[in-house]
Amino acid sequence: MRDHFNREINYLRLSVTDLCNLRCAYCMPAEGVVKRAHADILRVEEIGEIVRACAACGITKVRLTGGEPLVRRGIVDICRLAAATEGIREVCMTTNGVLLPEYAQKLRDAGLRRVNISLDSLNPETYRGVSRRDELSAAERGLEAALGAGFDAVKVNAVLMAGINDGEIAKLAALTRRGVDVRFIELMPVGERAAWNREHFLENSAVLKALPELIPAGAEGVATYYRLPSASGRVGLISPVSAHFCPDCNRIRVTSDGKLKPCLHAKAEINLRGLRGAALEETVRAAIGQKPERHALERGVSESGRNMNEIGG
Ligand code: SAM
Ligand code: SF4
């Protein structure tokens with residue numbers, strides 16, 4: 001359906017857990033998060049109901065995210081359920097990749113079409129410094145498993161951080177020679193880590209400076225694409241801070257505790273738990289109607305009130 005600003009809203013980012021096997025410095029505190037009671041997290045059947053209601057409101061694409069979606073019990077069933085929902089044309093996932101060696105093929109067989117792997121560094125020490133876990137080799141094996149599983153697309157996402165991984169732009173972009181798109185994401189000042197994020201913020205224009213050989217390759221969704229000469233994959237820039245993409249926003253988010261967020265950086269949350277059938281559908285429709293024209297980052301702050309691991313990125 002179209003929102004009040006004539007944007008076609010067709011994309012749901014669904015967080016299936018706020019737990020994670022990493023502790024990325026820009027996303028959550030070192031000590032992790034307090035585990036919610038089992039009953040506070042959406043059950044698989046509730047997720048199925050929500051996806052069905054969203055599809056009835058015009059959602060055609062679902063991205064499973066988290067926290068880390070692969071630590072959620074039943075993730076393969078969730079994937080299968082979403083993929084089988086009438087009206088849903090595409091189910092994809094954003095993951096840190098650490099558990100993909102075990103799950104890539106199972107997810108593909110359950111109907112997952114595309115996977116985005118978050119990989120901020122190819123240097124073990126930098127990776128450990130950012131994620132606070134020693135899992136680079138598992139994440140790299142996860143990327144290989146994804147490439148071998150027959151997905152329609154495998155992409156790598158790297159959050160650009162001044163003084164941390166900005167020396168690795170060329171090395172990360174070189175993955176495009178293997179056919180994967182590599183997207184650099186600007187660090188957003190969100191949640192408890194907002195101050196750290198601001199300190200390490202770097203505009204995506206740093207990628208263009210580091211790689212003057214990039215050839216423009218158009219825009220798609222929230223990313224602007226380029227190509228390295230002779231690479232089959234693309235280098236993408238996702239610039240939520242330096243370039244506002246709100247006019248092209250096509251998404252809504254649902255948190256793992258069942259709150260619909262019409263905008264990533266706004267405070268508004270609409271409870272979906274306890275609702276079913278027509279009432280659920282009507283609530284989703286009304287929530288899409290509440291999508292603000294622009295996000296609060298334009299005023300320098302996120303008003304979200306949650307950490308990224310709770311929202312799903
Ligand atoms: N755990 C999965 C992962 O890391 O891919 C999925 C959830 S994570 C919250 C989704 C995406 O949000 C990741 O690509 C991550 O790098 C990004 N992200 C988290 N915090 C961010 C921040 N403050 N600024 C920009 N991107 C962020
Ligand atoms: Fe976990 Fe993803 Fe957040 Fe990193 S960005 S701590 S992998 S949820």
Side-chain angles (χ1 to χ4, degrees), residues 10-24 26-28 42 47 51 54 59-72 75-76 78-79 82-83 88 90-104 106-108 110-121 127 130-131 133 135 138-140 142-143 145-147 149 151-160 172 175 180-188 190-191 220-223 233-234 236-238 240 245 249-256 261 264 304 306-313:
N10 52 20
Y11 175 19
L12 166 66
R13 294 182 68 103
L14 179 64
S15 172
V16 293
T17 177
D18 57 355
L19 299 177
C20 189
N21 45 358
L22 302 183
R23 296 281 180 277
C24 301
Y26 46 71
C27 179
M28 57 159 97
L42 291 172
I47 289 176
V51 172
C54 289
I59 297 294
T60 57
K61 170 176 167 180
V62 176
R63 177 173 302 280
L64 302 173
T65 176
E68 172 48 42
L70 296 182
V71 304
R72 164 76 200 239
I75 186 62
V76 177
I78 292 172
C79 185
I88 299 300
E90 187 172 88
V91 180
C92 30
M93 179 179 286
T94 297
T95 166
N96 59 36
V98 169
L99 293 174
L100 274 179
E102 180 188 342
Y103 279 107
K106 290 177 194 159
L107 292 166
R108 181 69 193 106
L112 193 75
R113 298 269 301 272
R114 298 164 173 268
V115 61
N116 290 356
I117 300 175
S118 303
L119 193 57
D120 298 329
S121 173
Y127 186 93
V130 172
S131 70
R133 294 291 185 273
E135 296 284 13
E140 287 179 322
L143 173 59
L147 289 171
F151 290 111
D152 293 359
V154 176
K155 293 181 181 167
V156 165
N157 287 339
V159 176
L160 196 58
L172 286 162
L175 288 172
V180 290
D181 287 351
V182 175
R183 289 124 43 100
F184 291 93
I185 305 174
E186 282 179 351
L187 194 53
M188 293 181 275
V190 185
E220 204 180 278
V222 293
R234 302 170 297 176
L237 303 186
I238 300 179
F245 48 51
C249 184
N250 62 347
R251 56 194 65 186
I252 53 173
R253 294 169 165 84
V254 172
T255 62
S256 57
K261 285 184 80 69
L264 166 61
S304 171
R306 288 198 189 230
N307 290 330
M308 275 299 237
N309 68 297
E310 295 180 275
I311 311 171

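Keep in mind that this is a model prediction, so the values were computed, not measured.
- Contact check for L100 versus L143: no side-chain heavy atoms found under the 4.5 Å cut-off.
- Annotation: side chain of Y26 is not in contact with side chain of V190 (no heavy-atom distance under 4.5 Å).
- Of all heavy-atom pairs spanning N309 and S15, the tightest one is O-OG, 4.4 Å.
- Looking at L42 and V254, their side chains come closer than 4.5 Å, going by heavy atoms from C-beta outward.
- Heavy-atom minimum distance, A110 versus A83: O-CB, 3.8 Å.
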Apply side-chain contact (heavy atoms from CB on, under 4.5 Å) to residues I59 and I88 and explain how you reach the verdict.
CA-CA 7 Å; I59 297 294; I88 299 300; 4.2 Å; yes

Verdict with supporting geometry, E310 and T255, side-chain contact (heavy atoms from CB on, under 4.5 Å):
CA-CA 6 Å; E310 295 180 275; T255 62; 5.6 Å; no

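- For the pair R108/D152, a side-chain contact is recorded, criterion being any heavy-atom separation below 4.5 Å from C-beta on.
- Shortest non-hydrogen contact noted between R13 and G313 is NE-O, 3.1 Å.
- No donor-acceptor pair closer than 3.5 Å links the side chain of D181 to the backbone N or O of K155.
- Of all heavy-atom pairs between C54 and L12, the closest is SG-CD2, 4.0 Å.
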Step by step, would you call L64 with I78 a side-chain contact (heavy atoms from CB on, under 4.5 Å)?
CA-CA 9 Å; L64 302 173; I78 292 172; 4.0 Å; yes

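- Closest approach of F151 to R114, counting heavy atoms only: CD2-N, 4.3 Å.
- Taking every heavy atom of both residues into account, R23 and C20 meet most closely at NH1-O, 2.8 Å.
- Considering only residues two or more places apart in sequence or on other chains, E186 meets the side-chain hydrogen bond (donor to acceptor under 3.5 Å, both in side chains) condition with S242.
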Check step by step if side-chain contact (heavy atoms from CB on, under 4.5 Å) holds for V159 and V130.
CA-CA 10 Å; V159 176; V130 172; over 6 Å; no

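- With rounding to the nearest 0.5 angstrom, the CG atom of L264 is 5.0 Å from the CD1 atom of I311.
- Of the inter-residue distances, the one linking L70 atom CG with I75 atom CD1 reads 6.5 Å to the nearest 0.5 angstrom.
- In this structure, CE on M93 lies 5.5 Å from SG on C79, to the nearest 0.5 angstrom.
- Distance OH/Y127 to CG/N96: 5.5 Å, rounded to 0.5 Å.
- Neither side chain, E68 nor T17, offers a donor N or O lying under 3.5 Å from an acceptor on the other.
- In this structure, the side chains of C92 and R113 stay at 4.5 Å or more apart for every pair of heavy atoms.
- Between the CZ atom of R72 and the CD1 atom of I47 there is a distance of 4.5 Å, given to the nearest 0.5 Å.
- For the pair V156 and N116, the minimum side-chain heavy-atom distance is 4.5 Å or more.
- Distance CD1/I252 to OH/Y11: 11.5 Å, rounded to 0.5 Å.
- Looking only at side-chain heavy atoms (C-beta outward), M308 and M188 come within less than 4.5 Å of each other.
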